[in-house]
Amino acid sequence: EDDIPIDIHIGKLVDWLVTRRHVKREWPDDVRLVRMKINRAIQDMPEHPQVTKLLSGTFINYFHCQKIIEILKETEKDSKNFLGWYGSQRMKDWQEVIKLYERENIYLAEAGHLLTRNIQYEIPYMRKMITDSNKKQTDCDAKYQELANGITEAKKRYVKACKRIGISGNNVKSELLSLLKTLPEDFRVIAEESKCLGSARQYYSDFLAYTLPHLATDQCTPLLKFVIEHGNVTTYEWTHGEPPCTIVGDKRELHNIETDKTTASDEIDFGDLGGDGNDEIDFGDLGGDDGGEIDFGDDLTTGEIDWGVGEEGDEIEKVDLVVEEGGEGVGVIGVGGGVARGSMAQSILRNAHTRAQFVNELSELEGFLSQRVCELCMEEQHVLTDFIFNSVFSTIFSTIHIHFPIHPSIQLEGFLSQRVCELCMEEQHVLTDFNDAPTSIQCLGTTDIHTMIDGVSKVLALLNTTKMHHKLLISLSPRYVDRLASSLRSKLTVCDKLAASQTVAMERKDHAATEQVKVKAKLRLVIERTRELQRHITEDMSKKCKNRQINIMGSRLADV
């Protein structure tokens with residue numbers, strides 16, 4: 001029996017001690033009294049490195065108290081009398097604690113409770129904290145990489161948006177303003193490409209003249225015709241039919257919108273007027289003794305005004321002048337043009353109204369050509385279908401006469417004959433619809449019209465690009481530069497926000513790593529003290545069980 005070990009599960013350790021009557025069931029009440037004694041005794045402790053080590057990290061138990069007494073035997077040896085008793089109050093307090101612990105084996109129940117709590121709760125909780133810290137660091141790394149990808153994507157979107165506008169993005173506002181310098185060249189290219197649309201416009205005009213004779217030919221895309229013939233001239237020339245003698249451009253300087261500085265005072269600064277504080281205006285020397293009166297020259301009473309009319313009876317040459325006021329542009333027809341101001345000084349493609357009309361006429365021409373291609377394809381298909389049906393009905397009609405030469409069906413024969421005649425008339429009508437049309441209409445097929453459509457689409461594409469759209473808006477409204485620049489900078493603001501989130505993620509990762517290091521150090525200490533506590537418990541329990549081997553099951557602790 002002495003060689004048979006005693007196996008006790010860690011969860012049943014305290015119950016085993018109570019049921020085997022090693023401790024009382026009321027041991028928690030006695031432990032509270034002991035804990036009160038320890039709290040009072042611990043307030044007065046000598047400065048010793050081993051004492052500091054014992055009191056740090058774990059809960060003080062009976063076995064710690066034994067070590068404290070051993071240390072006090074060295075520190076309080078001067079208070080020992082000839083009978084072997086210590087006169088030090090520290091030694092008396094801790095000896096009293098030991099006696100209370102050993103009464104009815106209270107220390108054994110408390111040590112078993114501490115061992116169970118450390119193994120089942122404290123150590124697993126610390127391991128879980130370490131696992132959570134590792135997971136938090138991994139999540140922070142993933143979040144950091146995700147934010148880095150977001151920053152990359154935001155920068156790509158910014159570069160892409162700048163590329164669509166046609167700028168590099170280094171200095172957004174100045175680059176946007178510099179786009180206006182290339183606007184005249186863009187309009188020149190569009191005007192040159194429009195000259196290739198002369199044949200398409202002429203085809204549209206001839207078609208309208210043939211199908212709608214009452215329609216005036218000058219009503220067919222007049223602005224497109226003007227641009228083809230004269231290029232991208234001023235709106236004044238398009239309106240009045242002649243170039244202006246003087247062009248007064250827009251004096252607004254768009255680069256001034258870059259300066260957001262405001263003066264501290266709204267008063268007008270006249271500069272230094274000079275003088276000794278006398279701010280009167282010096283009109284100079286008026287001269288003479290006439291008191292500064294104005295000299296009007298000779299006596300006006302004898303002089304007469306020469307009106308330049310000539311003598312009586314002379315014929316006056318009449319000049320018919322027609323003065324036109326076109327809003328902001330004023331000109332005199334027949335006298336070499338007038339002065340073009342404001343919108344009249346702008347080119348046709350620069351002016352918003354004429355440009356809209358130009359785009360509408362291009363869209364009109366494109367729509368006509370597309371519809372004409374569909375009509376030609378349907379006519380070709382219709383002629384082919386009529387020819388097939390005509391051949392089929394003729395074959396059926398011949399078959400009836402072959403199989404029924406004596407008594408053919410009069411009703412069927414009459415129907416087929418009538419249908420053949422109708423198809424022949426439809427085919428002839430289709431073929432002769434445009435026989436009397438002009439050669440310019442008849443000679444063009446679907447391939448030629450497709451080429452015209454490509455030319456019109458090319459000009460429309462030049463006008464409808466994103467870059468051109470922004471250029472025109474900038475030219476119309478200087479404030480649009482600020483809005484567009486703010487819109488582009490907002491894409492980079494996202495990068496700043498994501499970078500700040502990256503910093504927060506790295507701070508969280510560093511904090512989790514620091515906490516993990518602290519928890520690992522504490523876990524090592526708790527495991528070390530738990531193993532030591534388990535060894536003391538098994539040794540004391542073995543003494544009380546006739547030196548039999550005591551095995552505490554479920555108390556195996558892995559290293560950190």
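As the structure is a prediction and not an experimental result, all values here were calculated from the model.
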With H536, which of Y107, Y62, F63 fulfils ring pair (Phe, Tyr, Trp, His ring centres under 6.0 Å)?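 With H536 as partner, ring pair (Phe, Tyr, Trp, His ring centres under 6.0 Å) holds for just one option, F63.
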
What pairs with N61 under side chain to side chain donor-acceptor pair (under 3.5 Å), at least two apart in sequence or on another chain? none

Not counting sequence neighbours, which residues clear ring-ring contact (aromatic ring centres under 6.0 Å, His included) with Y144? List them please. none

Under 6.0 Å between the ring centres of W16 and H22? yes

Apply side-chain hydrogen bond (donor to acceptor under 3.5 Å, both in side chains) to Q89 and D93, showing your working. CA-CA 6 Å; Q89 186 62 35; D93 292 340; 2.8 Å; yes

With side chains defined as the heavy atoms from C-beta onward, is the minimum distance between [X] and [Y] less than 4.5 Å?
X: D30; Y: R103; value: no
X: V97; Y: I68; value: no
X: T446; Y: C377; value: yes

What's the separation between atom CD in E70 and atom CG in L72, rounded to the nearest 0.5 Å? 9.5 Å

Do the side-chain N and O atoms of Q137 and Q516 include a donor-acceptor pair separated by under 3.5 angstrom? yes

Pairs flagged by side chain to side chain donor-acceptor pair (under 3.5 Å) wherever residues 116-125 is involved - sequence neighbours left out: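 Sorted result for residues 116-125: N118-T530.
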
Residues R32 and D29 bridged, charged N to O under 4.0 Å: yes

